[in-house]
Amino acid sequence: MPYHPPVREAAIRCRGLRKSYGDVRAVDGLDLEVARGECFGLLGPNGAGKTTTIEILEGLTGADGGEVEVLGSTWHDGGSRLRERLGISLQETQLAEKLTVEETLLLFRSFYPQGRDPEEVVAALSLGEKRHARVGKLSGGQRQRLAVACALVGDPELLFLDEPTTGLDPQSRRELWAVVERFKASGGTVLLTTHYMEEAERLCDRVAIVDHGRVIALGTPDELVARLHAPHVLEFQTDPPLPPSLLRSLPGVAEEHVNGSSTALAVRSLAETVPALLASADAAGARLVSLATHRATLEDLFVALTGRHLRDA
Amino acid sequence: MRRPMPPLAELALVRTKEFVREPEAVFWVLVFPLILAVGLGLAFRSRPPDRIPVAVAEGPGAGAAAAALSRSPALAVSTLSPGDGREALRTGRIALLVEPGPPPTYRLDPTRPDARAARLEVDDALQRAAGRTDPLRPREEPVTEPGARYIDFLLPGLLGLNLMGTGMWGLGFTVVTARTKKLLKRLVATPMRKRDYLLALVLARLVFLVAEVTALVGFGWLAFGVAVRGPFVALALAILAGTFAFAGLGLLVAARARTVEGVSGLMNVVMLPMWLLSGTFFSYERFPEAARPWIRLLPLTALNDALRAVMTEGHGLGGVLPELVLLCVWAAVSFGLALRLFRWS
Ligand SMILES: Nc1ncnc2c1ncn2[C@@H]1O[C@H](COP(=O)(O)OP(=O)(O)OP(=O)(O)O)[C@@H](O)[C@H]1O
Ligand SMILES: [Mg+2]
């Protein structure tokens with residue numbers, strides 16, 4: 001008998017997912033497997049198909065093809081029993097403006113046979129001060145937190161967050177990250193989408209980079225970055241600019257991108273390239289205006305994979 | 001924080017609160033029909049029958065003729081130059097012009113409804129003044145039948161019309177707004193039962209209904225003495241059945257629309273024929289006989305008929321049973337269809 005290694009039970013499993021809107025192939029053969037207890041990120045530019053994918057997984061949009069299994073059941077046999085175990089925050093829901101925070105949470109809580117105490121959820125999302133405020137009067141960050149509170153109030157096993165922090169200031173973003181981390185620490189599974197690689201790197205155990213409805217890279221943030229031949233980025237400006245042919249001849253340079261007056265080099269090792277760069281700038285009679293380095297990020301990986309930037313692709 | 005109630009109750013409560021917090025909605029549901037009733041009531045209030053305007057053309061004998069006509073309580077008399085008199089007749093400011101004789105000439109347009117009456121009154125007055133004695137002098141006994149005034153006819157119709165308007169607009173707009181804001185999508189992402197959401201909208205209507213009906217019926221009674229002559233139970237059941245029918249229709253019309261403009265157009269298509277046909281402002285008996293059975297199938301016709309039967313004719317439940325059954329069928333069919341066709345995202 002062949003030996004099958006024990007498989008960790010998957011919270012989400014989908015294969016060959018496809019969905020078209022007219023000529024647009026929003027999702028084009030997408031495979032995904034999210035383990036229980038994992039925080040999984042879908043990272044990709046606008047229109048990559050993240051929302052379409054997540055809404056198919058949530059059972060809100062029908063797929064044209066492919067298989068979906070969520071918490072061990074499909075949407076055909078799951079129905080509302082399955083819904084009781086999910087928490088969902090959509091990309092662009094506007095909750096009723098005339099209701100207060102407390103009324104909104106009570107409403108959502110009433111839909112779940114078992115759930116968390118709304119009081120406790122309000123406190124967990126630091127909405128205590130605002131509990132009697134109308135939703136219409138909340139700031140963007142507070143609304144976003146309320147949306148997550150509505151997703152958490154049913155005490156879900158699996159949390160779907162579609163761009164939970166888009167448009168938030170850094171402070172609100174960190175607060176939301178803390179909420180997600182606490183949910184994960186208590187054993188929950190998270191699938192989130194984001195444009196922000198800091199967010200993916202900070203929160204996600206694994207990340208799938210999605211472009212044109214397919215997964216183009218999959219792994220832990222560290223694995224993905226390590227996959228780059230050149231894990232460091234060297235950004236500088238000189239006056240006058242150095243010719244590209246000169247840059248390419250520098251040791252250890254894998255790629256160069258000229259962005260207006262500034263140049264970014266993807267390099268294997270800073271120790272190898274920086275002295276050579278300084279020397280050739282000197283020899284060419286160019287003055288160094290600025291110089292900065294950072295470790296390559298998922299953004300750089302995306303650029304390397306597609307030649308486009310995440311945010312403005 | 002209190003404990004949550006069952007979903008249906010929470011949904012209905014939330015809807016009620018949203019409505020009360022929307023001042024414009026309160027205006028349209030409660031204040032607007034009252035303004036309409038006052039306006040129409042004033043326009044059609046009962047008053048002594050109008051005097052018919054007639055004129056005497058200046059000339060010999062005009063004074064005596066004018067004096068004779070002034071003794072008739074049915075005429076409003078003026079004296080004009082012959083030119084002005086004909087002008088006034090042509091433009092309809094007077095119904096008849098007397099050119100004193102002998103013999104006098106009556107100028108009138110016989111196609112004008114009040115010209116015939118004017119001729120009879122004028123002729124009587126002048127003949128008597130000239131010495132005619134009537135062989136018979138009948139007594140007159142004026143009778144005003146309660147419930148026969150226009151306002152008695154109008155008020156139940158306004159109530160029906162208002163129930164249709166608030167029911168359909170109220171539910172239609174709520175649903176489409178929630179759909180455009182993706183709130184419906186968010187709700188079906190929970191284990192909420194879809195039926196509960198739609199039922200809650202209908203139930204929440206009942207809360208405002210009490211206020212709406214009390215305002216209109218109470219106002220009609222206080223301001224115009226329009227009494228409810230039949231049993232209140234029958235009135236309440238007719239109103240309930242009508243409310244359910246129009247709530248169902250409102251949900252059906254809004255079942256698939258994606259924009260407020262879209263749903264407004266559909267609403268008008270559905271409601272306009274009923275505004276015209278269902279006997280709100282005038283009786284549908286004016287339409288050809290062949291059309292009337294179809295007109296009676298319309299929900300607003302059924303509601304108006306039932307309300308009039310109870311309010312002005314004093315019928316009980318038995319008298320309006322067919323209309324109530326028809327309204328319930330409308331309610332059940334439209335609600336069922338709406339639930340099937342409903343687009344949640
Ligand atoms: N309801 C729809 N009708 C038509 N086209 C759609 C619809 N929903 C999505 N699309 C198209 O499908 C593609 C994928 O859209 P999707 O919303 O899934 O992208 P996304 O990755 O979530 O983008 P974003 O980061 O902007 O939210 C886009 O080209 C979009 O225009
Ligand atoms: Mg999206």
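We name chains A, B, ... by the order of the sequence lines, and we start the count at 1 in each one.
- Of the charged side-chain nitrogens involved, at least one lies within less than 4.0 Å of a carboxylate oxygen, so that B:Arg21 and A:Glu103 count as a salt-bridged pair.
- Here A:Glu92 is the residue among A:Glu92, A:Gln91, A:Glu58, A:Arg85 with the most heavy-atom pairs under 4.5 Å with chain B.
- Taking a 6.0 Å sphere around CZ of A:Arg116, one finds it holds more than 12 heavy atoms contributed by other residues, nucleotides or ligands.
- Heavy-atom pairs under 4.5 Å with chain B were tallied for A:Glu97, A:Arg131, A:Arg134; the largest tally goes to A:Arg134.
- Around atom CZ of A:Arg25, no more than 12 heavy atoms belonging to other residues, nucleotides or ligands sit under 6.0 Å away.
- The CG atom of A:Leu107 sits 8.0 Å away from atom OG1 of B:Thr190, with the distance rounded to the nearest 0.5 Å.
- Atom CZ of B:Arg343 sits in a crowded spot, with more than 12 heavy atoms from other residues, nucleotides or ligands closer than 6.0 Å.
- Using modelled atom types, no side-chain atom of A:Arg83 and backbone atom of B:Met192 make a donor-acceptor pair closer than 3.5 Å.
- Summarising the geometry, atom CZ belonging to A:Phe111 is positioned 5.0 Å from atom CG belonging to B:Leu187; distances are rounded to the nearest 0.5 Å.
- Your options are B:Leu8, B:Val14, B:Asp196, and the one with the most heavy-atom pairs under 4.5 Å with chain A is B:Val14.
- For a residue to count as touching a neighbouring chain, one of its non-hydrogen atoms must lie under 4.5 Å from one of that chain's; by this rule B:Lys185 touches chain A with backbone and side chain alike.
- Between A:Glu119 atom CD and B:Arg3 atom CZ the span is 12.5 Å, to the nearest 0.5 Å.
- Contacts of A:Phe160 with chain B are absent, with no heavy-atom separation under 4.5 Å from either backbone or side chain.
- One distance of note links CG of A:Leu106 with CZ of B:Arg2; it measures 4.5 Å at 0.5 Å rounding.
- Ranked by non-hydrogen atom pairs under 4.5 Å with chain A, the options B:Ala189, B:Ala178, B:Pro7, B:Pro4 are led by B:Ala189.
- Proximity to chain A is limited to the backbone of B:Met5, based on heavy atoms less than 4.5 angstrom apart.
- Side chain of B:Arg186 to backbone of A:Ile88: a donor-acceptor contact under 3.5 angstrom is found.
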